[in-house]
Amino acid sequence: MTVTPPASIETALDEDVGEELGAELDRIRSEILAARGADDARYIRTVIAAQRGLEAGGRAALAVSLFPPAWAAGTAMLAVAKILENMELGHNILHGQWDWMGDPAIHSATWEWDFLTPAEAWKHTHNHLHHTWTNVVDRDRDLGYVVFRMSADQRWRPRHLAQPLYNFVLAPLFEWGIALYDLEPDAVAAGRKTWRSFAADLTGFLAKGTRQLAKDYVLFPLLAGPSALPCLLGNLTANTVRNLWSHTIIFCGHFPGDVQTFTEERIEDETRGQWYLRQIQGSANIEGGTLFHILSGNLSHQIEHHAFPDLPSNRYAEIASRVRELCEKYGIPYVTGPLWRQYGSTWGRILRFAAPGQ
Amino acid sequence: MPYGCRRGICFGCLTPLTYGRVRDLRTGEIHDRAGQMIQTCLSAAAGPLALDA
């Protein structure tokens with residue numbers, strides 16, 4: 001559903017109220033910034049330690065993975081380690097959420113993650129383009145990732161009929177899809193990106209990709225000696241599990257059926273309050289326990305993340321109850337639900353817009 | 001100088017402050033640590049300074 005603007009929101013939210021909402025959200029932001037400190041630093045360092053322990057343990061077990069229980073334990077530990085590294089660590093650190101510590105090892109300028117796409121390429125498409133243009137049709141490429149049609153305002157093409165199949169294929173290969181997407185080939189074709197820039201990005205991707213593939217499919221298997229093949233298969237499985245998980249969580253962030261999309265007209269002269277409103281209405285949360293939140297990189301709090309992308313992720317849970325209250329107060333829909341429902345709703349959207357006439 | 005969203009969201013404008021002082025235009029906070037990464041899109045000079053851009 002596209003908002004241009006929606007009648008229901010106009011009646012519930014006149015200009016003054018929009019600015020009131022903005023001020024209240026700014027107040028939450030200021031409070032968190034003032035409170036941010038040693039406890040938060042301790043949190044991220046603990047997650048980093050846990051992730052490294054899991055990865056070390058996983059790889060150690062996979063080094064003797066001819067022994068089936070070692071394969072199972074190693075693959076499971078490595079999968080969780082990769083999930084943690086990408087979601088709670090990589091995504092959030094690269095967002096600059098931890099730059100305030102001034103720690104050069106835990107900083108958006110230096111972190112490189114265990115994911116095919118280079119950090120630099122991802123920071124451009126995600127931090128800059130996606131977070132600025134969130135859910136604006138024809139500006140936010142994340143709205144369908146160039147491949148899927150996710151809004152009635154995106155032009156239908158015959159290839160969209162196959163988009164359920166694309167989603168099915170993309171899920172286990174998600175890191176490949178994102179790496180290709182981050183090269184922005186569509187922008188080159190449309191003249192928005194130069195071939196020179198594309199060549200530079202491609203070089204970066206080839207270098208990163210080579211290191212990633214060598215690490216998981218050459219180096220560690222070789223180090224495993226007789227367990228080389230099971231180690232390789234374990235690494236492949238762990239990468240695939242991480243791909244399936246991150247694809248699920250990320251697609252649930254903006255694609256459940258009730259999430260709004262916006263036109264460029266709607267965001268003309270966007271005020272701060274309206275920006276917050278677009279971030280909230282353009283995002284969806286997933287309900288769950290603390291462990292689920294951590295494994296999802298706190299993207300289960302997608303709404304709070306989009307309102308405050310640079311606040312430390314461990315703070316989103318406490319902010320969430322306040323944001324939800326504000327939404328209730330001002331009559332703004334707050335889209336959330338358990339994972340199975342959000343995931344089902346996402347598939348529903350993919351199926352719905354695969355056909356013309358929607 | 002590198003830039004991104006130009007509104008403080010994306011951290012795409014991070015540049016090292018070689019020396020001098022800058023003011024964060026959102027909060028008024030002064031940054032003056034040599035080598036500190038600053039968001040140039042929302043910083044203003046608070047005296048002579050040099051950036052490693």
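The chains referred to below are lettered A, B, ... by the order of the sequence lines, with proteins before strands, and numbering in each begins at 1.
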Legend entry - For chain B, which residues of residues 86-98 of chain A have heavy atoms nearer than 4.5 angstrom: A:H95, A:G96
Measuring heavy-atom distances to chain B, does [X] have an atom under 4.5 Å in its side chain, in its backbone, in both, or in neither?
| X | answer |
| --- | --- |
| A:W275 | side chain |
| A:H107 | side chain |
| A:R272 | neither |

Inset, instruction - Search all heavy atoms of B:C5 against all heavy atoms of A:H128 and return the closest pair with its distance. - result: N-CD2, 3.4 Å
Output the distance between atom [atom1] ([X]) and atom [atom2] ([Y]), rounded to the nearest 0.5 Å.
| X | Y | atom1 | atom2 | result |
| --- | --- | --- | --- | --- |
| A:L33 | B:R26 | CG | CZ | 7.5 Å |
| A:N127 | B:F11 | CG | CZ | 8.5 Å |
| A:H130 | B:I9 | NE2 | CD1 | 11.0 Å |

Legend entry - Over 12 foreign heavy atoms within 6.0 Å of CZ, B:R23: no
Inset, instruction - Inspect the surroundings of CG in A:D138 and state if more than 12 heavy atoms from other residues, nucleotides or ligands are less than 6.0 Å away. - result: no
Legend entry - Engaged part of B:R6 at the chain A interface, taking heavy atoms whose separation is under 4.5 Å: neither
